[in-house]
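Report on the following structure.
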Amino acid sequence: MPSSIAPHNIALIPGDGIGIAVVSAAMAVADRAAPGLLRTQTFPWSCDHYLQTGRMMPEDGIDTLRQFDAIFLGAVGWPARVPDDVSLHGLLLPIRKAFVQYANIRPHRLLPGVDGPLKAREFDILCIRENTEGEYAGAGGRVHQGTPDEVAVETAVFTRAGVERILRFGFEQAMGRRRMLASVTKSNAQRHSMVFWDQVTRDLAAEYPQVQVSHYHVDAISARMVMAPDTLDVVVASNLFGDILTDLGAAIQGGLGYAASANIDPTRKNPSMFEPVHGSAPDIAHLGIANPIAAIWSLAMMLEHLGEAPTAARIMAAVEATTARGIGTTPGLHKTDDITAAIIAALEE
Ligand code: IPM
Ligand code: MN
């Protein structure tokens, strides 16, 4: 039953490809777990929308989304129809920036019954990816285009405010977990931004003496995530490093079909956005075999953010009961609808 008086208003952006099927699966689970808890409005913003209107979302799209308590997004991108840089810079990336969703939280652990590629079975990593600046800041340009003298510059931007707030968020998460924080840089090669990041990490570490802090270079922590993932707890990384490490995290947890994410504005001044890490997967979009678990896990993260922790926990328990039975654990073996139905049945057990 809904635990709050008013339903939460959720903007749904199914987007492209398998985004549509997994959003519908997640909403079916939400409906059964807590009827009436979410009041949803669906927006058709996608590559198709771009082809029809010339925009991924309307000019006032951000203002429209601002009215909602949260945003639930499937996937954006269909490169055969619209170049990825156009579709992503027209929808997903501006939402993250406009709503200051500076903390991108991505959990990596094995669900019961899922055979990851590693020997290690017990790991529980929480990647905290900076989500508004760094290598994705958008500072740069091209000159002398198309000539042999062409120059392309893409400058990463690290602000003290931006680095401090993401690291502080990581320390706070670590305090609620196993109290270990791995800070990811490449400060042996990048001597300005990354040495600065290390410095801010050390300054904050003094405020959190209970947290055991490790500094890793991004190449070294990539190897560690494969060789000794159980030695990691909270991992804090810049936008691009976090992007790469969370696909690796998805791989060690069995695949992109299990990788959930939350784009959070911790100040709660703006709506946060929840989305599976996988993309639109045009190659399997019409086969009905997309794994809805990453989206359903993201739904659980959204409910927790909205103060509905008991419902979130029930949903995760149903997901785990389902994978423990071998449903949704082998790519392509079960249909999206069958996995969703099994999770709904488990909710009612
Ligand atoms: C992700 C995606 C996006 C990113 C792309 C689609 C722009 O890979 O959410 O991890 O790089 O942030
Ligand atoms: Mn990515």
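Counting starts at 1 for both ligands and their atoms, following the listed order. In this chain, residues are counted from 1 in sequence order.
- Residue R129 places a heavy atom less than 4.0 Å from ligand 1.
- Scanning the protein for heavy atoms near atom 11 (O) of ligand 1, the closest one is Y136 OH, 2.5 Å.
- Using a 4.0 Å cut-off between a side-chain N of Lys or Arg and a carboxylate O of Asp or Glu, D48 and R81 qualify as a salt bridge.
- Contacts between H89 and ligand 1 below 4.0 angstrom, taking non-hydrogen atoms only, are absent altogether.
- Salt-bridge check for E207 with R168: passed, with a basic side-chain N closer than 4.0 Å to an acidic carboxylate O.
- The part of R106 lying near ligand 1 is the side chain, judged by heavy-atom distances below 4.0 Å.
- Of all heavy-atom pairs spanning R66 and N270, the tightest one is NH1-OD1, 3.5 Å.
- Aromatic ring orientation, H286 versus W78: tilted (interplanar angle from 30° to 60°).
- Remark: E59 CD is loosely packed, at most 12 non-hydrogen atoms of other residues, nucleotides or ligands lying under 6.0 Å away.
- Numbered from 1 in the order shown, with element, the atoms of ligand 1 that lie under 4.0 Å from a heavy atom of L88 read 6 (C), 7 (C).
- Shortest contact from atom 8 (O) of ligand 1 to any protein heavy atom: D243 OD1, 3.3 Å.
- At least one N or O atom of R96, backbone or side chain, sits closer than 3.5 Å to an N or O atom of ligand 1.
- Summary: OD1 is the N/O/S atom of D243 found nearest to the Mn ion (ligand 2).
- Salt-bridge check for K97 with E133: failed, with every basic side-chain N at 4.0 Å or more from each acidic carboxylate O.
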